[in-house]
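This is a predicted model, so every value here is computed, not measured.
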Amino acid sequence: MTQPTVVRYRDAEELANAAAARLLQALIAFQIEERVAQLCLTGGRIALRIYARLAELVVDSELDPARLELWWGDERFLPTDDPARNAGPTLATLAGRFPLAPSRTHPMPAADGLIDAGAGAATYAKELGDTRFDLVLLGMGEDGHVASIFPDHPSGEPTTQTVMGVSDSPKPPSERISLTVPALNRSGQVWFLVSGAEKAASLRLALAGDQRLPAARVHGEESTVWLIDQAAAAELPYFECSV
């Protein structure tokens with residue numbers, strides 16, 4: 001398990017701008033090796049701000065969108081056109097500024113004709129195969145959940161699966177699809193994106209390694225980075241953060 005790096009920013013705006021620039025440089029570095037960069041995306045307000053800034057930065061950059069493969073860490077099991085899904089707003093933000101290869105864009109199944117989230121998870125697991133992500137982006141909930149893996153919930157129980165259907169989610173909607181901890185942990189790098197004072201207590205526990213929180217169980221094989229703002233860092237000693 002890699003020792004996490006914590007980087008603190010003044011506020012959500014600075015976090016979004018810096019994370020977008022950092023993400024662009026990481027993706028370009030992956031592509032220098034003449035291969036397709038495997039990126040796993042997250043949802044949430046701070047993530048959408050990062051994607052909007054990234055879309056601006058990609059224009060005239062060295063990034064080749066044709067060699068970028070996009071996956072999702074979790075999804076709300078709703079109809080394709082439901083604005084509450086993670087994939088729709090993200091794709092609208094990114095594809096509005098640069099082209100994405102349809103064959104390399106992998107949103108999770110929607111609730112259009114599928115029986116349930118479990119069936120959607122099985123479909124996505126086949127699509128995922130043995131893919132190893134170069135980089136995973138994750139948010140963290142107030143309760144310390146990541147993707148749709150919740151504390152004190154069946155979604156957080158040990159598993160050998162890579163993708164699971166989540167029922168009776170503590171956070172609506174009740175039906176979701178999520179990558180599992182083993183799938184996330186086979187990633188090269190994991191970046192947590194955490195903003196807001198309401199996350200401060202769980203952030204402190206996660207960084208202390210409290211295994212009750214799913215966020216404490218996820219890490220990259222090469223590096224684990226927490227990109228946080230001052231509000232989220234309110235309960236952390238300053239010396240735990242680097243700039």
Side-chain angles (χ1 to χ4, degrees), residues 2-27 30 37-58 68 70-76 85-87 89-91 93-94 133-151 171 176 178-179 181 183-185 187-207 213-220 222-236 240-243:
T2 55
Q3 184 67 26
T5 298
V6 182
V7 186
R8 180 181 356 209
Y9 298 99
R10 181 177 61 253
D11 52 29
E13 181 178 6
E14 185 177 81
L15 167 57
N17 290 336
R22 185 176 185 138
L23 177 57
L24 177 61
Q25 292 307 308
L27 295 174
F30 296 143
Q38 303 288 335
L39 175 63
C40 185
L41 300 171
T42 186
R45 291 188 299 273
I46 191 64
L48 282 175
R49 293 177 70 170
I50 291 169
Y51 302 151
R53 181 59 179 145
L54 175 68
E56 296 172 354
L57 295 174
V58 166
L68 180 61
L70 300 181
W71 303 88
W72 270 260
D74 77 318
E75 186 57 274
R76 299 172 174 97
R85 278 176 57 86
N86 291 330
T90 298
L91 290 173
T93 298
L94 297 178
F133 305 120
D134 292 300
L135 175 57
V136 171
L137 301 177
L138 289 172
M140 185 190 72
E142 296 178 32
D143 58 357
H145 83 265
V146 291
S148 288
I149 308 168
F150 296 90
K171 184 177 181 181
R176 295 164 172 255
S178 181
L179 297 186
V181 170
L184 295 170
N185 284 352
S187 310
Q189 300 181 32
V190 170
W191 295 6
F192 289 93
L193 315 169
V194 187
S195 173
E198 70 278 6
K199 312 282 183 70
S202 288
L203 177 59
R204 173 177 53 81
L205 293 173
L207 286 172
L213 275 64
R217 301 180 219 142
V218 177
H219 54 81
E222 299 163 9
S223 65
T224 306
V225 181
W226 290 77
L227 305 176
I228 65 178
D229 64 11
Q230 291 278 31
E235 296 192 18
L236 299 181
E240 289 192 22
C241 300
S242 62
V243 294

Inset, instruction - Output yes when a side-chain donor or acceptor of Ser202 lies under 3.5 Å from a complementary backbone atom of Lys199, and no otherwise. - result: no

Legend entry - Nearest-0.5 Å distance that lies between atom CD in Glu75 and atom CG in Leu179: 11.0 Å

Legend entry - Shortest non-hydrogen contact from Asn86 toward Gly43: OD1-CA, 3.6 Å

Inset, instruction - Answer yes or no: is there a donor N or O on one side and an acceptor on the other, between the side chain of Asn17 and the main chain of Ile50, under 3.5 Å? - result: no

Legend entry - Thr224 side chain vs Pro4 backbone, donor-acceptor pair below 3.5 Å: no

Legend entry - Minimal non-hydrogen separation, Thr42 against Gly139, with atom names: OG1-N, 3.5 Å

Legend entry - Rounded distance [0.5 Å steps], CZ in Arg53 versus OG1 in Thr93: 14.0 Å

Legend entry - Taking every non-hydrogen atom, the tightest pair across Leu54 and Ala20: N-CB, 3.7 Å

Inset, instruction - Could you tell me the separation between the CZ atom of Phe192 and the OG1 atom of Thr5, rounded to the nearest 0.5 Å? - result: 12.5 Å

Inset, instruction - Pick out which of Leu135, Val225, Val136 makes a side chain to side chain contact (heavy atoms under 4.5 Å, CB included) with Gln189. - result: Leu135

Inset, instruction - Calculate, to the nearest 0.5 Å, the distance between atoms CG and CZ belonging to Asp74 and Arg176 respectively. - result: 6.5 Å

Inset, instruction - Test the Arg8-Trp226 pair against the cation-pi criterion, namely NZ or CZ under 6.0 angstrom from the six-membered ring centroid and within 45° of the ring axis. - result: no

Legend entry - Sidechain-backbone polar pair: Asp134 side chain, Gln38 backbone, donor-acceptor under 3.5 Å: yes

Legend entry - Separation of Leu27 CG from Arg22 CZ (nearest 0.5 Å): 12.5 Å

Legend entry - Asp229 versus Asp11, closest heavy-atom pair with distance: CB-C, 3.7 Å

Inset, instruction - Identify the two heavy atoms, one from Leu39 and one from Leu23, that lie closest to each other, and give their separation to 0.1 Å. - result: CD1-CD1, 4.2 Å

Legend entry - Interatomic spacing from OH in Tyr9 to OG in Ser195 - rounded to 0.5 Å: 12.5 Å

Legend entry - Test side chain to side chain contact (heavy atoms under 4.5 Å, CB included) applied to Leu184 and Val190, step by step: CA-CA 8 Å; Leu184 295 170; Val190 170; 5.6 Å; no

Legend entry - Which atom of Gly73 lies closest to which atom of Ala147, heavy atoms considered: O-CB, 3.8 Å

